[in-house]
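Naming: A, B, ... by sequence-line order, numbering from 1 per chain.
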Number of protein chains: 2
Amino acid sequence: MSKKISDSTIKRLTLYYYFLTTKKDNTDIVISSQELAQSIGVTDAQVRKDLTYFGSFGKRGTGYNIKHLCEKLSNILGVKKVIEVALVGVGNLGKALMSYRGFEEYGYKIKYIFDSDHQKIGKKIMGYTCFNTFAIPEVVKKNKINMAIMSVPKDSAQNVAEKLINSGVRAILNFAPCKIIHDSSKVKVINVDVASELKALSYYLLSNK
Amino acid sequence: MSKKISDSTIKRLTLYYYFLTTKKDNTDIVISSQELAQSIGVTDAQVRKDLTYFGSFGKRGTGYNIKHLCEKLSNILGVKKVIEVALVGVGNLGKALMSYRGFEEYGYKIKYIFDSDHQKIGKKIMGYTCFNTFAIPEVVKKNKINMAIMSVPKDSAQNVAEKLINSGVRAILNFAPCKIIHDSSKVKVINVDVASELKALSYYLLSNK
DNA sequence: CGTTGTGAAAGGGTTCACAGCT
DNA sequence: AGCTGTGAACCCTTTCACAACG
């Protein structure tokens with residue numbers, strides 16, 4: 001079962017899951033791959049393929065039992081467990097992320113926040129005490145945090161990432177517009193580069209003039 | 001020349017461009033695909049491949065002239081022109097995006113902001129007058145805005161997107177955790193789903209226990 | 001009969017490896 | 001000799017199409 005599953009598959013599975021949770025107490029207790037697919041905006045074959053990486057959850061001729069499928073997806077995605085994350089960089093983006101409901105909904109809890117700005121260190125920001133970035137090793141190690149969100153300027157991104165990784169963090173969501181270079185195969189970094197997403201869009205606009 | 005270029009290629013080109021601008025007034029006026037690749041975190045073949053979709057900008061045996069390459073990339077990406085965008089949804093994320101420097105740096109200017117909350121409509125928020133979402137057709141059409149950022153709740157996302165598209169918007173950066181369904185091949189939507197990115201990360205954590 | 005589950009085919013992006021210039 | 005430019009090979013993801021099954 002330890003085949004390699006792509007990021008895209010996992011992202012779609014979360015979409016399936018969160019769509020199904022909105023339907024759970026509906027009268028129709030089964031859903032076809034086609035209906036699920038249309039709601040999410042993918043093909044039905046894609047839905048079935050994604051699911052079969054993890055098992056056979058449906059009934060031929062009928063479809064998928066929603067409750068049953070939810071449970072399976074919940075297990076696959078580890079929804080039940082609340083995961084504590086550290087957030088580094090309490091600028092505008094960092095604050096937006098702190099107040100972003102989606103994280104809670106998806107089972108995350110921002111537990112510690114860090115910044116290198118002395119105006120912020122030690123102060124309470126949106127209910128959280130802001131730690132010095134230098135305290136990352138101490139705080140992260142002691143509390144066994146293994147997931148972090150980085151909303152720092154790109155010049156300090158690599159540096160902060162190394163601090164996090166050396167302190168035991170194994171998954172980083174990076175908002176700085178740069179690739180994080182690391183050699184451990186046990187560490188996974190996902191980049192969210194908002195501006196370069198936009199750039200891709202405007203290239204599209206340009207090339208369709 | 002009208003081959004289809006992938007989003008990933010365009011995103012990398014922007015990384016090349018913005019990296020090179022930091023080197024422009026350096027002494028070394030040429031750079032090899034290898035050096036550029038290492039700085040960004042990709043392979044040298046990838047760099048060369050990306051560039052050759054648009055032409056031959058280098059000198060064999062030497063490398064790429066930085067200034068020359070910058071100019072070429074600037075043209076490809078349409079860097080010079082400032083693009084005006086509309087932002088719909090002035091919640092926390094919306095505000096973060098409004099104060100996000102990256103956009104300006106990459107040649108974007110948020111010009112109009114919209115929200116459906118009557119507490120916000122008509123008020124000045126961070127220097128911008130907030131319009132009613134219902135005014136999208138009027139404002140967007142009149143001012144020929146063709147790019148938009150959506151930071152609205154997922155329940156209104158499809159609705160807002162349709163308003164934008166019907167008003168002439170052809171490129172949307174969508175932060176709502178849902179796919180936007182549209183039939184026009186002239187419209188491009190890029191989704192940035194922060195929570196599901198995180199979810200992909202935590203699946204990774206889980207599967208490596 | 002309808003829908004799943006799945007091997008096979010197709011499609012798309014990345015890497016290889018080397019010919020071709022400078 | 002060194003580095004680019006590029007077809008071919010490779011790999012990964014999506015789609016197809018249909019056998020299997022309730």
Side-chain angles (χ1 to χ4, degrees), chain A residues 1-16 20 28-66 68-70 72-73 76 179 188 190-191 196 200 203-204, chain B residues 1-16 20 28-66 68-70 72-73 76 179 188 190-191 196 200 203-204:
Chain A
M1 202 281 248
S2 64
K3 225 184 291 173
K4 228 197 136 215
I5 311 292
S6 74
D7 286 357
S8 351
T9 292
I10 299 299
K11 284 188 205 162
R12 280 191 302 271
L13 289 176
T14 71
L15 293 177
Y16 305 156
L20 290 175
D28 43 305
I29 53 165
V30 291
I31 191 168
S32 66
S33 58
Q34 196 182 81
E35 193 186 338
L36 180 49
Q38 278 175 354
S39 319
I40 301 295
V42 298
T43 66
D44 54 336
Q46 181 84 79
V47 169
R48 295 199 297 279
K49 196 61 144 186
D50 285 341
L51 293 175
T52 51
Y53 287 130
F54 297 93
S56 314
F57 307 134
K59 270 198 175 55
R60 295 176 196 227
T62 315
Y64 299 87
N65 176 293
I66 293 184
H68 179 235
L69 186 53
C70 272
K72 291 295 185 183
L73 287 172
I76 294 165
K179 283 244 167 98
K188 174 101 169 174
I190 288 187
N191 293 290
S196 84
Y203 167 76
Y204 175 83
Chain B
M1 202 283 248
S2 64
K3 225 184 292 173
K4 228 195 135 215
I5 310 291
S6 74
D7 286 357
S8 351
T9 292
I10 300 299
K11 284 187 205 162
R12 281 191 302 270
L13 288 177
T14 71
L15 294 177
Y16 305 156
L20 290 175
D28 42 306
I29 52 164
V30 290
I31 190 168
S32 66
S33 57
Q34 196 180 83
E35 194 187 338
L36 180 49
Q38 279 175 354
S39 319
I40 301 296
V42 298
T43 67
D44 53 336
Q46 182 83 80
V47 168
R48 295 198 298 277
K49 195 62 145 185
D50 285 340
L51 293 175
T52 50
Y53 288 129
F54 296 93
S56 314
F57 307 134
K59 271 200 174 56
R60 298 178 194 224
T62 316
Y64 300 87
N65 176 295
I66 293 185
H68 179 235
L69 186 52
C70 272
K72 292 295 185 184
L73 287 172
I76 294 165
K179 282 245 165 99
K188 174 100 170 174
I190 288 187
N191 294 290
S196 83
Y203 167 77
Y204 175 83

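The A:Y64 side chain lies nearest to C:dT4 when the options are D:dT13, D:dG5, C:dT4. Among the nucleotides D:dT14, D:dA17, C:dT14, the one closest to any side-chain atom of B:T9 is C:dT14. Set against C:dT14, C:dT3, C:dA17, the side chain of B:R12 has C:dT14 as its closest nucleotide. Among the nucleotides C:dG5, C:dT14, D:dT6, the one closest to the side chain of A:T52 is C:dG5.
The line from CG of A:L15 to CD1 of A:I10 is 11.5 Å long, rounded to the nearest 0.5 Å. With rounding to the nearest 0.5 angstrom, the NZ atom of A:K4 is 11.5 Å from the OH atom of A:Y53. Going from atom CZ of A:R48 over to atom OG of A:S32 covers 9.0 Å, rounded to the nearest 0.5 Å. Here the CD1-CD1 distance, from B:I5 to B:I76, works out to 9.0 Å after rounding to the nearest 0.5 Å.
Rounded to a whole Å, the CZ atom of B:F57 is 12 Å from the C1' atom of D:dG5. B:D50 places its CG atom 14 Å from the P atom of D:dT6, with the value rounded to the nearest Å. Between B:E35 atom CD and D:dG2 atom P there is a gap of 16 Å when expressed in whole angstrom units. Following rounding to the nearest Å, B:R48 (CZ) and C:dC18 (C1') show an atom-to-atom distance of 11 Å. In this entry the distance linking CD1 of B:I31 with P of D:dG2 reads 19 Å, nearest Å. Taking atom CD of A:Q46 as the reference point, atom P of C:dG12 lies 14 Å away to the nearest angstrom. Taking atom NZ on B:K11 and atom P on C:dG12, their separation rounds to 17 Å, with Å as the unit. Whole-Å rounding puts the B:I10 CD1 to C:dG13 P distance at 11 Å.
Side-chain to base pairing of A:R60 with C:dT4: one donor and one acceptor N or O lie within less than 3.5 Å of each other. Side-chain to base pairing of B:K49 with D:dG7: one donor and one acceptor N or O lie within less than 3.5 Å of each other.
Under 3.5 Å, the side chains of B:D7 and A:Y203 contain no donor-acceptor pair of N or O atoms.
Nearest-nucleotide positions on DNA chain D for A:S6 and B:K59 put B:K59 closer to the 5' end.
The shortest distance between the side-chain N/O atoms of A:T43 and the OP1/OP2 oxygens of D:dT15 is below 4.0 Å. For B:S33 and D:dT4, the shortest distance from a side-chain N or O to OP1 or OP2 is below 4.0 Å. Contact annotation: B:S8 does not reach the phosphate of C:dG13 (side-chain N/O to OP1 or OP2, under 4.0 Å). Checking the phosphate oxygens (OP1, OP2) of C:dT3, no side-chain nitrogen or oxygen of A:Q34 falls inside 4.0 Å.
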